[in-house]
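What you see below is based on every heavy atom in this structure, not just the backbone, and it leaves out hydrogens, waters and symmetry mates.
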Amino acid sequence: MVGDLHGDYPTLLRLLKICNLAKDCLIFLGDYADRGSYGVEVIETVSDLAIEYPMNVFLLKGNHEDYTHRGEPTFFPSNLREEVESKRGTWEKYFQKKYKLFLSQLVLAVVLKGKLLFVHGGVSSKVDSLEKLKDPSREVEKIVLWSDPFDGLGERLNYKRGGVGVEFGADITKLVCGQLGVFKIIRSHEPRKAPNGPVYSHENKIVTINSTSIYGGNPFVLRINPINPTNLEAVRLK
Ligand SMILES: [Mn+2]
């Protein structure tokens, strides 16, 4: 499981050195670019990997991969456009020729059936079936991309992110896990919350991970044995 990279290409390269894609699976939880300096390299590398290893590499969509069909980001701040123009030519051409292909490779969620749910941000009571994740409405998509767990109960608009998505409590996590038939939700979206290792909340049902060094700290991935997924192991990438 790989958390937000945010343009941290050196960390991605360290990860690729320690895994063997002939047998290991990689699930990226989104937010590949922006903030760090190597978003273009990260995007092109993971996109190529997903083509080369379609059964082993899964790319989730993060809120930093949410663009209109004309190539305008729906979030702020975004520096990918500037980075592309300094490295690859005009954004418009890159968006049409490369970035759209990358967007088409992204999924909103991955489920290890009966066990784990992987999303970028979080859930709300509206995420009440696997079908809603398979064929999401725009509302469900925004919830999954933008939401964060909080210490209260219930759910409320996510004001710390401008009211997009929700903050959801332990009761909502329990409800959604029950409805989707999983016992944990692995998510990213708050790399600063987990600088050096996974952070467990909501009675250990929520696991927040971080795979970027752009905020300092020690990026890591989470290793999961699919036979026994209760055993989560953080592997440092520094
Ligand atoms: Mn995010």
Side-chain angles (χ1 to χ4, degrees), residues 1-5 25-32 46-47 50 53-69 74-75 100-150 154-158 161 163-191 198 200-209 211 221-222 224 226 229-230 232:
M1 275 5 80
V2 191
D4 292 13
L5 282 160
C25 276
L26 286 178
I27 301 179
F28 290 88
L29 299 186
D31 282 11
Y32 305 88
V46 297
S47 177
Y53 302 97
M55 304 305 284
N56 293 52
V57 175
F58 300 90
L59 305 178
L60 265 69
K61 178 172 175 169
N63 56 305
H64 282 259
E65 287 75 53
D66 202 24
Y67 283 79
T68 68
H69 63 277
T74 64
F75 55 91
K100 265 191 172 170
L101 167 75
F102 168 63
L103 290 179
S104 75
Q105 296 176 286
L106 306 179
V107 294
L108 189 62
V110 167
V111 179
L112 188 55
K113 256 198 170 167
K115 292 165 184 169
L116 302 171
L117 170 70
F118 306 96
V119 290
H120 178 69
V123 293
S124 84
S125 57
K126 294 201 166 143
V127 182
D128 56 6
S129 69
L130 292 177
E131 287 66 39
K132 286 206 180 154
L133 292 170
K134 230 180 192 174
D135 184 22
S137 64
R138 183 66 183 142
E139 185 188 20
V140 164
E141 193 176 40
K142 278 191 167 178
I143 288 165
V144 171
L145 296 182
W146 286 93
S147 298
D148 297 301
F150 81 138
E155 57 198 27
R156 62 184 189 201
L157 289 180
N158 199 347
R161 298 193 188 265
V164 193
V166 299
E167 287 188 289
F168 58 99
D171 53 337
I172 302 294
T173 296
K174 203 174 167 188
L175 176 79
V176 172
C177 283
Q179 282 169 327
L180 303 187
V182 297
F183 56 78
K184 274 191 207 304
I185 298 174
I186 317 289
R187 45 92 62 178
S188 181
H189 195 40
E190 291 180 294
Y200 294 82
S201 49
H202 294 181
E203 293 162 27
N204 298 332
K205 286 186 174 305
I206 296 279
V207 188
T208 301
I209 66 168
S211 306
V221 289
L222 207 58
I224 294 173
T230 45
L232 309 177

A.B. asks: Determine which pairs satisfy ring pair (Phe, Tyr, Trp, His ring centres under 6.0 Å) with at least one residue from residues 112-143, sequence neighbours left out, and list them in order.
C.D. replies: His120-His189
A.B. asks: With side chain to side chain contact (heavy atoms under 4.5 Å, CB included) as the criterion, how do Asn56 and Leu26 come out once you've worked through the C-alpha distance, each side chain's angles and the decisive distance to 0.1 Å?
C.D. replies: CA-CA 6 Å; Asn56 293 52; Leu26 286 178; over 6 Å; no
A.B. asks: With sequence neighbours excluded, give me every ring pair (Phe, Tyr, Trp, His ring centres under 6.0 Å) pair touching residues 163-188.
C.D. replies: Phe168-His202
A.B. asks: Does the ring center of His64 lie less than 6.0 Å from the ring center of Tyr32?
C.D. replies: no
A.B. asks: Got a sec, which residues hit side chain to side chain contact (heavy atoms under 4.5 Å, CB included) with Asn204, two or more places apart in sequence or on another chain?
C.D. replies: Lys184, Tyr200
A.B. asks: Are any non-hydrogen side-chain atoms of Leu222 and Pro198 less than 4.5 angstrom apart?
C.D. replies: yes
A.B. asks: Could you tell me which residues satisfy salt bridge (Lys or Arg N to Asp or Glu O under 4.0 Å) with Glu190, sequence neighbours excluded, listed by chain and number?
C.D. replies: Lys160, Arg187, Lys193
A.B. asks: Evaluate the side chain to side chain contact (heavy atoms under 4.5 Å, CB included) criterion for residues Leu180 and Leu130: first the C-alpha distance (whole Å), next the side-chain angles of each, then the deciding distance (0.1 Å), finally the verdict.
C.D. replies: CA-CA 6 Å; Leu180 303 187; Leu130 292 177; 4.1 Å; yes
A.B. asks: Run the side-chain hydrogen bond (donor to acceptor under 3.5 Å, both in side chains) test against Thr74 and tell me which residues pass, sequence neighbours left out.
C.D. replies: Asp66
A.B. asks: Quick check: closest heavy atoms across Ser211 and Gly3, and the distance to 0.1 Å?
C.D. replies: OG-N, 2.7 Å
A.B. asks: List for me each residue that meets side-chain hydrogen bond (donor to acceptor under 3.5 Å, both in side chains) alongside Glu141, sequence neighbours excluded, and say none if there are none.
C.D. replies: Lys61, Arg138
A.B. asks: Please identify each residue that fulfils side-chain hydrogen bond (donor to acceptor under 3.5 Å, both in side chains) with Thr68, with sequence neighbours left out.
C.D. replies: Glu72
A.B. asks: For Phe150, give me all partners under side chain to side chain contact (heavy atoms under 4.5 Å, CB included), at least two apart in sequence or on another chain.
C.D. replies: Arg156, Glu167
A.B. asks: Which heavy atom of Ile224 sits nearest a heavy atom of Pro226, and at what distance?
C.D. replies: O-CD, 3.4 Å
A.B. asks: Check whether Asn158 reaches the backbone of Trp146 with its side chain - one donor and one acceptor, N or O, closer than 3.5 Å.
C.D. replies: yes
A.B. asks: Can you list everything that forms a side chain to side chain contact (heavy atoms under 4.5 Å, CB included) with Phe58? Sequence neighbours excluded, please.
C.D. replies: Cys25, Ile27, Val110
A.B. asks: Would you please name every residue forming a side-chain hydrogen bond (donor to acceptor under 3.5 Å, both in side chains) with Ser201, sequence neighbours left out?
C.D. replies: none
A.B. asks: How far apart are the closest heavy atoms of Ser104 and Leu101, and which atoms are they?
C.D. replies: OG-O, 2.5 Å
A.B. asks: Rounded at 0.5 Å granularity, tell me how far CG in Asp4 sits from CG in Leu29.
C.D. replies: 7.5 Å
A.B. asks: Can you tell me how far the CG atom of Leu60 sits from the CD1 atom of Ile186, to the nearest 0.5 Å?
C.D. replies: 12.0 Å
A.B. asks: To the closest 0.5 Å, what do you measure between NZ (Lys174) and CD1 (Ile206)?
C.D. replies: 14.0 Å
A.B. asks: Any side-chain heavy atom of Pro229 within less than 4.5 Å of one from Leu112?
C.D. replies: yes
A.B. asks: Measure the SG-CG distance between Cys177 and Leu116 for me, rounded to the nearest 0.5 Å.
C.D. replies: 9.5 Å
A.B. asks: Considering all heavy atoms of both residues, which atom of Ile172 and which atom of Gly154 are nearest to each other, and what is their separation?
C.D. replies: CG1-O, 3.4 Å
A.B. asks: Would you mind listing every salt bridge (Lys or Arg N to Asp or Glu O under 4.0 Å) that reaches into residues 100-129, with sequence neighbours excluded?
C.D. replies: Lys126-Glu139, Asp128-Lys132
A.B. asks: Given Ile185, which of Leu117, Val207, Val127 fulfils the side-chain contact (heavy atoms from CB on, under 4.5 Å) condition?
C.D. replies: Leu117
A.B. asks: If you measure from OG on Ser125 to CG on Asp171, what distance do you get to the nearest 0.5 Å?
C.D. replies: 9.5 Å
A.B. asks: To the nearest 0.5 Å, how far apart are CG in Asp135 and CG in Leu108?
C.D. replies: 10.5 Å
A.B. asks: Could you tell me which non-hydrogen atom of Ile143 sits nearest to which non-hydrogen atom of Ser124, and how far apart they are?
C.D. replies: CD1-OG, 3.4 Å
